[in-house]
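Structure, as structure tokens:
As the structure is a prediction and not an experimental result, all values here were calculated from the model. Along the sequence shown, the residues carry numbers beginning at 1. Whatever order the structure lists ligands and atoms in, that order sets their numbers, starting from 1.
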Amino acid sequence: MFTVTEPGSSGGARRKPVALVIGSGFGGLAAAIRLGARGYGVTVLERLDAPGGRACVHKQDGFTFDAGPTIVTAPFLFEELWTLCGRTMRDDVDLRPMDPFYKIRFPDGATFAYSADREAMRAEVERFAPGEAAHFDAFLKMSEAIYRIGFEKLGAVPFDSILDMARVAPDLVRLQGYRSVHGLVSRFFRDERLRTIFSFHPLLIGGDPFSASSIYCLIAFLEKTYGVHSPIGGVGALVRGLVKLIQGQGGSLRLNADVRRILIDNGAATGVELADGERLDADIVVSNADSAWTYRHLVPAGERRRWTDAKLDHARYSMGLFVWYFGVDRRYEEIGHHTILMGPRYRALLKDIFVRKKLAEDFSLYLHRPTATDPALAPPGCDAFYVLSPVPNLQGGQDWRVEAEPYRQRIASWLEANCLPNLSRHIVTSKVATPLDFRERLNATHGEGFGLAPLLTQSAWFRPHNRSEEVKNLFLVGAGVHPGAGLPGVLSSARVLDKVTPHARAFA
Ligand SMILES: Cc1cc2nc3c(=O)[nH]c(=O)nc-3n(C[C@H](O)[C@H](O)[C@H](O)COP(=O)(O)OP(=O)(O)OC[C@H]3O[C@@H](n4cnc5c(N)ncnc54)[C@H](O)[C@@H]3O)c2cc1C
């Protein structure tokens with residue numbers, strides 16, 4: 001047993017088994033807290049110079065930009081982590097509910113305000129397509145049925161064995177999990193715009209609404225029931241809060257610690273080796289690095305029977321993201337916190353991104369204006385924004401060193417013409433992230449935003465398991481394992497670890 005020592009109450013020393021967590025994304029931080037609560041001495045090893053992974057924070061010229069997730073739902077999954085440490089989230093994070101959750105704008109200027117309020121939603125649906133309000137009720141009922149099984153039952157348990165899959169197959173068939181999200185939504189709504197409004201959610205976790213399993217229709221009920229929230233200080237406040245919990249447990253976070261390989265002896269993980277050659281011993285290792293990357297680069301080929309390089313080559317990866325972070329020296333009060341700007345094409349654009357892997361002339365955008373909720377994220381009188389465009393991952397062959405600036409300019413001109421008047425005169429700071437950054441900074445195999453694509457054939461037992469099927473005492477957490485990407489997904493993957501990791505006392 002490898003141990004860290006902590007002072008005992010009588011002045012003696014108590015020994016704790018060691019857990020090393022590779023990566024400080026939300027999944028890694030949540031796993032560290034859960035392992036700390038179960039008696040491990042935990043060290044989180046992060047290759048970057050700041051924690052959070054996709055949720056890291058850029059500070060530039062007085063502006064604070066959350067790099068990634070902005071729509072926070074299922075706050076109870078965060079609250080659980082504070083509870084495990086004997087605290088309440090409110091002590092550290094001021095989470096504000098969003099109302100509406102977001103606005104969805106179509107090219108003709110029509111805007112749909114999406115909220116938790118059932119009557120307001122029925123009225124919005126009816127305004128868009130008279131006669132469809134009853135269809136919304138039926139859709140929500142179906143979303144709840146999927147949530148009860150897909151989130152509460154399947155999302156909370158490991159899928160170690162094909163028998164686990166066989167057990168849930170009848171539920172998946174009954175809930176029509178074999179259909180795509182758009183396919184199922186289209187059975188409820190006749191109006192194309194309503195089909196778009198109720199089917200775009202898989203894009204939040206990197207999936208194509210036309211191929212992602214309809215299980216993801218559960219998001220509508222999840223958001224309606226638990227709301228969409230935004231922390232004061234930005235999503236970075238949640239990252240800082242979790243790091244503080246780890247430190248409060250006696251755990252530690254090491255930045256600039258790039259893990260080069262997982263040390264394996266006799267089929268079991270025994271520690272890690274860092275890029276500078278330093279070796280760290282452990283009783284268990286948890287990887288929050290991308291699952292495909294973990295297997296291909298951190299576990300030697302000779303140790304892998306299932307996740308071979310050939311299988312990883314044939315896997316389907318989620319889409320890429322182009323994100324432009326910019327600050328302006330004025331405020332655009334008419335723009336809410338979250339706006340989805342639909343382009344002229346929906347199905348055809350998604351086909352370009354996911355199937356043809358082609359960078360299209362048009363785009364659909366998500367515009368984030370956090371200063372609508374927390375003006376302190378920008379200097380006085382200014383606004384911080386980011387605009388996100390789903391794009392092909394690097395399998396599309398685009399050279400983002402060449403494409404990035406013209407693409408940014410196209411988006412800027414569109415925003416200026418359609419919703420941010422005189423934008424070009426007011427930009428005072430700017431930074432972009434492309435799929436290349438996702439590959440180079442975050443070790444995403446093809447620069448994808450969200451790990452393996454959320455297809456039925458890559459879900460549950462078919463996804464890399466939370467308990468490695470290749471190496472004993474190695475566990476995986478985060479977007480690339482069950483149940484999948486997005487904050488509720490990665491926090492749930494950490495929760496599943498409680499069921500598959502031994503309690504620290506097993507090493508006593
Ligand atoms: C732009 C964007 C917007 C998004 N919006 C939303 C949203 O609004 N709501 C939502 O719910 N989800 C959203 N998501 C998805 C969500 O952010 C991710 O699914 C989630 O944060 C991923 O967490 P993770 O635990 O998988 O770890 P990641 O965030 O992927 O972090 C993994 C960490 O591992 C580190 N690492 C990798 N290799 C090594 C190594 N060898 N050694 C040491 N460290 C290593 C990386 O540096 C990284 O810090 C968004 C994602 C992006 C990119």
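- With respect to atom 46 (C) of ligand 1, the closest heavy atom belonging to the protein is E46 OE2, 3.6 Å.
- The single protein non-hydrogen atom nearest to atom 2 (C) of ligand 1 is G68 CA, 3.5 Å, given as residue, atom name and distance.
- Scanning A55, A479, P69 for the heavy atom closest to atom 13 (C) of ligand 1 points to P69.
- Taking a cut-off of under 4.0 Å to the non-hydrogen atoms of L487, the atoms of ligand 1 that pass are 10 (C), 11 (O), 12 (N), 21 (O).
- Residue contacts with ligand 1 for L45 involve N, CA, C or O but no side-chain atom from C-beta outward (heavy atoms, distance under 4.0 Å).
- Proximity of the aromatic rings of Y386 and Y366 is defined here by a centroid distance below 6.0 angstrom, and this criterion is met.
- The heavy atom nearest to atom 36 (N) of ligand 1, out of those in H338, H297, R254, R47, is found in R47.
- If you look at V259 next to ligand 1, the close heavy atoms, those under 4.0 Å, come from the backbone and the side chain alike.
- When heavy-atom distances to ligand 1 are checked against a 4.0 Å cut-off, V72 has no atom that comes that close, whether in backbone or side chain.
- Scanning the protein heavy atoms around atom 29 (O) of ligand 1, the nearest turns out to be R54 N, 2.8 Å.
- Using a 4.0 Å cut-off to heavy atoms of F450, the atoms of ligand 1 that qualify are 14 (N), 15 (C), 50 (C), 51 (C).
- Atoms of ligand 1 found under 4.0 Å from any heavy atom of G52, numbered from 1 in the order shown, are 29 (O).
- Under 4.0 Å from ligand 1, not a single heavy atom of C56 appears.
- Shown in contact with I71 at under 4.0 Å from a heavy atom are these atoms of ligand 1, numbered in order with element: 7 (C), 8 (O), 9 (N), 10 (C), 11 (O).
- Ranking protein heavy atoms by distance to atom 31 (O) of ligand 1, first place goes to G25 CA, 3.4 Å.
- Ligand-side atoms of ligand 1 in range of N443: 37 (C), 38 (N), 39 (C), 41 (N), range being under 4.0 angstrom from any heavy atom.
- Numbered from 1 in the order shown, with element, the atoms of ligand 1 that lie under 4.0 Å from a heavy atom of A257 read 42 (N), 43 (C).
- Under a 4.0 Å criterion applied to the non-hydrogen atoms of F26, ligand 1 contributes the atoms 25 (O).
- Figure legend: R410 and W324 shown without cation-pi pairing, the cationic atom not lying both under 6.0 angstrom from the six-membered ring centre and within 45 degrees of its axis.
- In Y386, the part holding a heavy atom less than 4.0 Å from any atom of ligand 1 is the side chain.
- By the criterion of a heavy-atom distance under 4.0 Å, the side chain of F438, and not its backbone, is placed next to ligand 1.
- Of all the atoms in ligand 1, the ones that sit under 4.0 Å from a non-hydrogen atom of G27 are 25 (O).
- In this structure, H201 and Y102 have tilted ring planes: the angle between them lies in the 30° to 60° band.
- Under the 3.5 Å distance criterion, the side-chain polar atoms of N288 are matched with a main-chain donor or acceptor of G25.
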